[in-house]
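As structure tokens, the structure follows; a few thoughts come after it.
Values in this document were obtained by computation on a predicted structure and should not be read as measured data. Basis for what follows: all heavy atoms, side chains included, without hydrogens, waters or symmetry-related copies.
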Amino acid sequence: QVQLVESGGGLVQAGESLRLSCAASGRTFSSYYLGWFRVDPGKEREFVAGITSGGGSTKYAESVKGRFTISRDNDKKMVYLQMNSLKPEDAAVYYCAARSAGWRIPTQTSEWNYWGQGTQVTVSS
């Protein structure tokens, strides 16, 4: 059982940076894969980034490679998404997610078991 709470969303201009944070609770936090997804009106929830239990491997959507970085701090039970060079098309509600370890980092939303409530990111041109 993992509880997730996102923070750090807000209003930024295109080209600026923002860091999202997700605080987790759960005694087995370090055994979970963590990820970030996003959704905007009329679209399916989209995979953005994922990270393995120990932080040794990451995976990114092609649209954010080179701009976004996912990281985790198991001592603090936190996962972060550093977003640089933001574009208007990055605007969405961002959710952190967790799932058990043992598989390749999946991109399908159905493969993730625990979800936060989301944080809004708005990017103006």
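When all heavy atoms are compared, the tightest approach of F68 to V48 is CD2-CG1, 3.7 Å. Considering all non-hydrogen atoms of both residues, S30 and S53 come closest at O-CB, 3.2 Å. Across all their heavy atoms, R38 and D90 have their closest contact at NH1-OD1, 3.0 Å. Closest non-hydrogen pair, S85 versus S17, comes out as N-OG, 4.2 Å. Contact between M78 and S21 at its shortest, heavy atoms only, is CE-CB, 3.7 Å.
By the rule that hydrophobic residues join a cluster once side-chain heavy atoms approach within less than 4.5 Å of another member, F47 and L81 end up as members of separate clusters. Taken together through direct or relayed side-chain contacts under 4.5 Å among Ile, Leu, Val, Met, Phe, Trp and Tyr, I70 and V2 form parts of separate hydrophobic clusters. Residues Y80 and Y94 do not share a hydrophobic cluster, defined by chaining ILVMFWY side chains whose heavy atoms lie under 4.5 Å apart. Note on Y60: it clusters hydrophobically with L34, by side-chain heavy-atom contacts below 4.5 Å among ILVMFWY residues.
The CD atom of E16 sits 11.5 Å away from the CG atom of N84 when rounded to the nearest 0.5 Å. Atom CD of E6 sits about 5.0 Å away from atom SG of C22, to the nearest 0.5 Å. Going from atom OG of S57 over to atom CD1 of I51 covers 8.5 Å, rounded to the nearest 0.5 Å. Between atom CG of residue L4 and atom OH of residue Y95 there is a gap of 13.0 Å, rounded to the nearest 0.5 Å. For the atom pair CD of Q117 and OG of S7, the computed distance is 12.0 Å after rounding to the nearest 0.5 Å. Rounding to the nearest 0.5 angstrom, the gap separating the NZ atom in K59 from the NZ atom in K65 is 9.0 Å.
Put simply, the side chain of N74 never gets that close to the backbone of K77: no donor and acceptor are under 3.5 Å apart.
Put simply, the side chain of S63 does not reach to within 4.5 Å of the side chain of K87, judged on heavy atoms. Counting heavy atoms from C-beta outward, Q82 and S71 have side chains that stay 4.5 Å or more apart. For the pair L18 and V121, the minimum side-chain heavy-atom distance is below 4.5 Å. Proximity of F29 to R72: side-chain heavy atoms (C-beta onward) are separated by under 4.5 Å at one or more points. Two residues are said to be in side-chain contact when any heavy atoms from C-beta on lie closer than 4.5 Å; V93 and T119 fail this criterion.
Defined by atom type and a distance below 3.5 Å, a donor-acceptor pair is missing between the side-chain atoms of R99 and Y33.
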Exercise for the section: Run the numbers on L20 and M83 for side chain to side chain contact (heavy atoms under 4.5 Å, CB included), then give the verdict. Expected result: CA-CA 8 Å; L20 305 183; M83 304 185 293; 3.7 Å; yes
Exercise for the section: Given side chain to side chain contact (heavy atoms under 4.5 Å, CB included), test T122 with V12 step by step and report yes or no. Expected result: CA-CA 6 Å; T122 302; V12 297; over 6 Å; no
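Between W112 and F37, the ring centre distance stays below 6.0 Å.
Ring geometry for Y32 versus Y114: interplanar angle over 60°, hence perpendicular rather than tilted (30 to 60°).
The 12-atom threshold is exceeded at CD of E89, counting heavy atoms of other residues, nucleotides or ligands nearer than 6.0 Å.
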